[in-house]
Amino acid sequence: MAMRNSAAIIFFVIVAIFIILGLLSIHPFGDTSDINTSMDDHIIQNTQKETGADNGVTAVVFDYRGFDTLGEATVLFTAVAGVILVFRRLNK
Amino acid sequence: MAENILIDIIHIIIPILIVASSFVAVYLKDLIAAAIAVAAMSLLLSLEFFILQAPDVAIAEAGVGACLTTAILVIAIRATKRMEDEA
Amino acid sequence: MIYQIPFIAVALLVLIGLYAVVFKRNLIKIVIGITLIESGVNLFLITLGFREGSIAPIYHGTEEATRSLPVPQALTLTSIVIGVAVLALMLSFIVYIYRHYNTLDVRKIVGGDEE
Amino acid sequence: MSGMSKIVKTISATILPFITIYGLYIIAHGHLTPGGGFQGGAIVASGFAMIVVAFGSIWTMEKIKEKHLSIIESLGAIGFIGLAFFGLLFGAKMFFANFLVKQDVIPFFNQIGQGLSNINTAGLLPLMNLAVGLKVIAGLFAIVLVMAYATSKIKEGTAK
């Protein structure tokens with residue numbers, strides 16, 4: 001009991017230290033001048049020319065990164081199948 | 001200029017409310033009240049997404065987080081125990 | 001401009017959720033903690049893609065302006081739907097566990113060192 | 001749970017078509033305004049979840065079986081993957097190629113409604129929005145319906 005609690009406290013403190021260290025070295029809020037945004041700038045400038053869509057986010061979701069959406073659809077299908085499988089005996 | 005100050009105040013207030021409602025969701029012993037606190041956190045989070053210029057994500061978070069998550073949580077709590085038994 | 005307040009909110013959300021996952025004993029409270037961690041990660045992605053004085057990446061005509069980054073928004077959109085699907089699966093398993101063991105306490109379920 | 005009072009039932013049955021129309025509008029205009037398949041699907045599924053809460057899950061399960069919802073979800077998935085595979089045949093010969101935009105695969109398709117912010121300028125994107133919207137509607141509503149039905153069976157004590 002006591003050992004498990006102390007192990008949990010040590011784990012929590014270590015993760016908290018890592019999160020705070022990461023927070024200290026992050027870029028200022030709203031200023032993206034020191035990170036590489038070339039892909040996003042290409043998408044922002046060429047969305048209307050290449051895909052014909054006005055909404056940049058939809059163009060990224062369904063055109064530039066369609067494989068991500070395919071994986072998401074697979075995860076949703078698996079989750080629905082799992083829920084129906086868990087409650088299979090009750091739904092007769 | 002007055003508009004900028006108003007936006008700054010909103011930018012400061014909404015994250016504080018998000019953290020406060022998430023703290024309430026962990027603190028409360030009544031699980032249905034905790035589910036309602038999670039729904040309030042989701043709604044404030046969608047407002048924050050809208051302020052951060054992401055209206056797509058705001059619509060998705062408002063529909064999914066504030067409605068469907070609460071429905072599923074309340075359904076699951078109804079099938080089990082309502083109060084969180086400490087100790 | 002606003003002194004990193006959204007990043008601090010992200011850190012606090014993740015830490016509160018982690019506290020609920022590590023120290024709480026009720027299974028539904030643990031699931032609520034996982035939901036809080038996921039909300040914190042979503043807020044972190046959106047906050048990374050925000051530019052000062054930008055507008056949303058949705059075009060009306062062809063005017064030029066600074067836009068916020070569209071790729072993190074698209075990935076966050078995917079993440080939200082995956083989140084609700086995984087939450088439903090976890091809650092289904094919790095209802096099943098409650099019917100089998102008749103308790104929601106983690107340490108009683110694993111046959112812990114309490115008694 | 002056998003449903004709420006008559007007032008709640010009437011109001012939710014009145015309000016459901018408007019929620020559905022709004023969600024379908026968000027799906028159909030996903031490439032022009034904020035929105036898309038995920039968001040509109042979540043909104044429509046929320047409207048049906050309101051019906052489950054107001055009328056009771058046993059009444060709803062008599063009207064809509066989960067079998068029908070699985071058929072709709074599989075149709076959405078097949079439509080999405082099929083549209084992705086059609087990109088291997090036309091246009092750039094690539095998986096997920098947007099073969100309808102700026103190319104005359106279907107004759108005169110690009111001549112209808114020319115202009116930048118028009119409903120058919122985006123080629124494949126509205127069709128993919130529709131497929132993913134069907135998938136998300138059926139999936140999320142099936143999750144809510146199955147969980148509510150099973151837990152009400154447990155609550156009544158008629159479960160095995």
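Numbers restart at 1 for each chain; the letters A, B, ... are given by sequence-line order, proteins then strands.
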- Message: With a 4.5 angstrom heavy-atom cut-off, is it the side chain or the backbone of C/S79 that approaches chain B, or both, or neither?
- Response: neither
- Region of B/I14 that comes under 4.5 Å of a non-hydrogen atom in chain C: neither
- Query: From B/I51 CD1 over to C/F50 CZ, what is the distance, rounded to the nearest 0.5 angstrom?
  - Reply: 9.5 Å
- Message: Distance check, rounded to the nearest 0.5 Å: C/L104 atom CG versus B/T80 atom OG1?
- Response: 5.0 Å
- Report yes if some heavy atom in the side chain of B/H11 is under 4.5 Å from a heavy atom in the side chain of C/I5; otherwise report no. no
- Query: Any side-chain heavy atom of B/V57 sitting closer than 4.5 Å to one from C/N42?
  - Reply: no
- Query: If only atom types and distance count, is the side chain of B/K81 paired as donor or acceptor with the main-chain N or O of C/T103 below 3.5 Å?
  - Reply: no
- Query: Are the side chain of B/E48 and the backbone N or O of C/P6 linked by a donor-acceptor pair below 3.5 Å?
  - Reply: no
- Message: Around atom CZ of C/F23, are there more than 12 heavy atoms from other residues, nucleotides or ligands closer than 6.0 Å?
- Response: yes
- Query: Quick one: CG on B/L52 to OG on C/S54, what's the gap to the nearest 0.5 Å?
  - Reply: 9.0 Å
- Message: Quick check on the interface: out of B/A76, B/G65, B/S42, who has the most heavy-atom pairs with chain C under 4.5 Å?
- Response: B/A76
- Note on the structure: Result for side chain to side chain contact (heavy atoms under 4.5 Å, CB included) between B/S22 and one of C/T35, C/L12, C/I16 points to C/I16
- What is the distance from atom CZ of B/F23 to atom CG of C/L15, rounded to the nearest 0.5 Å? 13.0 Å
- Message: Given heavy-atom pairs under 4.5 angstrom as the criterion, report whether the side chain, backbone, both or neither of B/L17 touches chain C.
- Response: neither
- Message: Shorter than 4.5 Å, heavy atoms on both sides: which option in C/I8, C/I46, C/L77, C/V31 has the most such pairs with chain B?
- Response: C/I46
- Under 4.5 Å to a heavy atom of chain B? For C/S68 that would be side chain
- Query: Which residue out of C/V95, C/L13, C/L87, C/L43 racks up the most heavy-atom pairs below 4.5 Å with chain B?
  - Reply: C/L43
- Query: Which distance, rounded to the nearest 0.5 Å, do you find between the CD of B/Q53 and the CZ of C/R67?
  - Reply: 10.0 Å
- Note on the structure: Assert top hit (heavy-atom pairs under 4.5 Å, partner chain C, pool B/I59, B/V38, B/L31, B/I16) equals B/L31
- Message: Counting C-beta onward and ignoring hydrogens, is there a side-chain heavy-atom pair between C/V84 and B/I72 closer than 4.5 Å?
- Response: yes
- Closest approach of C/K29 to B/A25 (non-hydrogen atoms, all atoms of both residues): CE-O, 3.3 Å
- Message: Which one wins on heavy-atom pair count under 4.5 Å against chain B: C/L27, C/I32, C/T76?
- Response: C/I32
